[in-house]
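Worksheet: the structure to be examined is printed underneath.
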Amino acid sequence: MTLIRAADIPVAEPAVAVSPARQLARRILADRAATAGVTVIALLVLMALGAPLITTLTGQSPTEFHPEAIDPALGGLPKGPWGGISAEHPLGVEPATGRDVLARVVWGARLSLLISLLATLLATTIGTVLGLVAGFQGGWADMVIGRLMDLLMSFPSLIFMIALMSVAPDGNRELMLVAVLGLFGWPYIGRIVRGQAMALAGREFVEAARVLGATRRAILFREVLPNLTGPILVVATLSIPGYIATEAGLSFLGVGVRPPTPSWGQMIASAVPWYAADPVYFLVPGLFLLVTVLAFNVVGDALGDLR
C-alpha cells in the first residue's frame with residue numbers, strides 16, 4: 001500500500017476577486033469600437049480641462065479680435081488659405097472678427113461637456129429617486145409620479161426649452177440650461193428605473209430584508225438601488241450626447257449661451273453665412289460636435305451590450 005503524503009496533494013490556488021470596475025474595463029478593452037469611443041472621450045475631457053493651459057500656450061484668447069488676420073477687401077474673410085490656418089492659428093480664424101478658432105473650440109468643449117454632464121447628473125438623480133419611489137411604493141405615489149412623467153414626456157420639449165430660454169435673463173444662462181435640460185430629461189430615466197424597481201420589489205432578497213426588519217428607505221437604497229446601477233449607467237451615458245446636441249441646437253438658434261461665450265452651436269450658427277467662402281470655419285466645430293456625440297453613443301451602446 002502506497003502512502004500519500006500531504007505535500008503531494010495539489011492545492012488549488014485561491015480565486016482572486018475581480019472588482020466590477022475592472023471587469024467592465026476588460027470587457028470594454030475587448031471591444032474595439034468601445035475602446036475607440038472611450039479614448040476619444042478621454043481626449044475631449046483632457047482638452048476641456050486643459051482649455052486655459054492650451055490657450056495660454058498658444059497665446060490666444062477665445063474672445064480676442066484679430067483684425068490683422070482678416071482681409072477687409074474680401075468682406076472680412078481670413079487671410080491665407082484654409083480659413084487662415086497658420087502656425088499662430090492652427091485651426092484658422094473666425095471670419096469678420098479674426099478670433100482664434102482653436103481657442104473657441106477648446107473653450108466650447110469645456111462648456112458643452114460641463115453643461116451636459118451637470119444636466120445628466122441632475123436628470124439621473126431626480127429620475128432615479130422618483131422612479132424608485134414610484135416603482136417600489138406603488139399606489140398613490142406611483143400614480144402621481146407616473147402622471148407627472150407622462151405630462152412632461154408629452155410636451156414638445158424643444159419648443160418649451162426655446163420658450164423658457166428666450167425669456168431667461170442673460171446672467172447664469174449656463175445654469176439655466178442645466179436646469180431646463182434636467183427638468184425635461186429626468187422622466188426618461190425615471191420611467192426605466194420605475195419599471196426595474198417594480199420587477200425587483202417582489203424578489204427574494206427584498207422579502208428577506210423586510211423579514212429582517214429593514215426600513216423601506218434601507219431596502220430602497222441598499223438592496224434595490226445597487227441592482228439598478230447597470231441600467232442607470234447605460235441610460236445616463238446615452239443621455240450625455242443628447243444634451244450636448246440639444247445645447248448646441250439651442251445656442252445655434254440663439255437662445256443658448258450668449259456671445260462672446262464660445263459654444264460649438266453658436267460657432268456653427270455664425271459660420272452659416274460663410275460656409276461657401278470659408279468652409280473650414282463651418283467644418284471644424286461641426287466635426288468636433290459629430291465626433292463627441294458619436295463617441296458617447298458608441299460607449300453607451302457598448303455598455304448596454306455588456307450588462
Side-chain angles (χ1 to χ4, degrees), residues 40-41 43-45 47-48 51 54-55 58 60-66 69-70 74-78 80-85 89-119 157-159 161-166 168 170 173-174 176-178 180-181 239-298:
V40 170
I41 292 172
L43 292 175
L44 286 168
V45 171
M47 183 181 72
I54 293 172
T55 51
T58 59
Q60 304 295 337
S61 167
T63 59
E64 182 181 359
F65 287 17
H66 295 278
I70 59 175
L74 296 177
L77 282 174
W82 300 101
I85 291 178
H89 304 287
L91 294 181
V93 296
E94 185 180 60
T97 65
R99 292 183 293 194
D100 185 71
V101 173
L102 175 61
R104 294 186 66 78
V105 162
V106 296
W107 279 95
R110 187 183 182 95
L111 178 75
S112 294
L113 290 177
L114 180 62
I115 289 176
S116 61
L117 290 175
L118 290 178
S157 56
L158 182 59
I159 295 177
M161 288 181 191
I162 294 172
L164 289 174
M165 293 305 299
S166 297
D170 286 341
R173 294 189 68 82
E174 292 83 0
M176 281 294 300
L177 277 169
V178 171
V180 170
L181 292 173
S239 298
I240 294 174
Y243 292 135
I244 292 175
T246 303
E247 181 276 323
L250 292 174
S251 297
F252 178 87
L253 295 172
V255 295
V257 295
R258 302 290 194 194
T261 304
S263 166
W264 289 346
Q266 185 187 108
M267 292 177 68
I268 294 173
S270 62
V272 170
W274 303 91
Y275 75 91
D278 184 11
V280 173
Y281 181 53
F282 183 84
L283 289 175
V284 169
L287 286 176
F288 271 91
L289 181 61
L290 172 64
V291 170
T292 303
V293 172
L294 180 61
F296 275 104
N297 278 325
V298 168

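Here the structure is a predicted model, which is why all the values come from computation and not from measurement.
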Quick one, W274 with L77, criterion side-chain contact (heavy atoms from CB on, under 4.5 Å). Give me CA distance, side-chain angles, the key distance, then yes/no.
CA-CA 8 Å; W274 303 91; L77 282 174; 3.6 Å; yes
Pair L113, F296 - check side-chain contact (heavy atoms from CB on, under 4.5 Å), show working.
CA-CA 11 Å; L113 290 177; F296 275 104; 4.1 Å; yes
Show, in sequence, the C-alpha distance, side-chain angles and deciding distance for M47 and F288, and conclude whether the side-chain contact (heavy atoms from CB on, under 4.5 Å) test is met.
CA-CA 12 Å; M47 183 181 72; F288 271 91; 3.8 Å; yes
Any chance you could lay out the side-chain contact (heavy atoms from CB on, under 4.5 Å) test for T261 and R173, step after step, and finish with the verdict?
CA-CA 11 Å; T261 304; R173 294 189 68 82; over 6 Å; no
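To the nearest 0.5 Å, the span separating CG on L283 from CG on L290 amounts to 11.0 Å. From L74, atom CG reaches atom CG of D278 across 11.5 Å, with rounding to the nearest 0.5 Å. If you take OG1 on T246 and CD1 on I115, they are separated by 11.5 Å, rounding to the nearest 0.5 Å. The CH2 atom of W107 lies 14.0 Å from the CD atom of Q60; values are rounded to the nearest 0.5 Å. Between T292 atom OG1 and I240 atom CD1 the span is 11.5 Å, to the nearest 0.5 Å. Expressed to the nearest 0.5 Å, how far CG of L181 lies from OG of S157 amounts to 9.5 Å.
Here the shortest heavy-atom pairing between A103 and S61 reads CB-C, 3.9 Å. When all heavy atoms of P90 and L102 are compared, the closest pair comes out as CG-CD2, 3.9 Å. Taking every heavy atom of both residues into account, V105 and W264 meet most closely at O-NE1, 3.1 Å. Of all the heavy atoms in A295 and V40, the pair that sits closest is CB-CG1, 3.8 Å. Here the closest heavy-atom approach between residue V272 and residue Y275 is recorded as O-CD2, 2.8 Å. When all heavy atoms are compared, the tightest approach of P262 to P62 is CG-CB, 4.1 Å.
By the side-chain hydrogen bond (donor to acceptor under 3.5 Å, both in side chains) test, T55 pairs with no residue at all, sequence neighbours left out. Partners of R110 by salt bridge (Lys or Arg N to Asp or Glu O under 4.0 Å), not counting sequence neighbours: none found.
Here the rule is side-chain hydrogen bond (donor to acceptor under 3.5 Å, both in side chains) with E94, and of H89, H66, R99 only R99 fits it.
You'll find the side chain of M267 reaches within 4.5 Å of the side chain of V101, heavy atoms only.
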Contacts under 3.5 angstrom, residues 247-257 side chains, donor-acceptor by atom type, not counting sequence neighbours:
from	atom 1	to	atom 2	distance (Å)
E247	OE1	S112	OG	3.1
E247	OE2	S251	OG	2.9
E247	OE2	S263	OG	3.1
S251	OG	E247	O	3.1
S251	OG	S263	OG	3.3

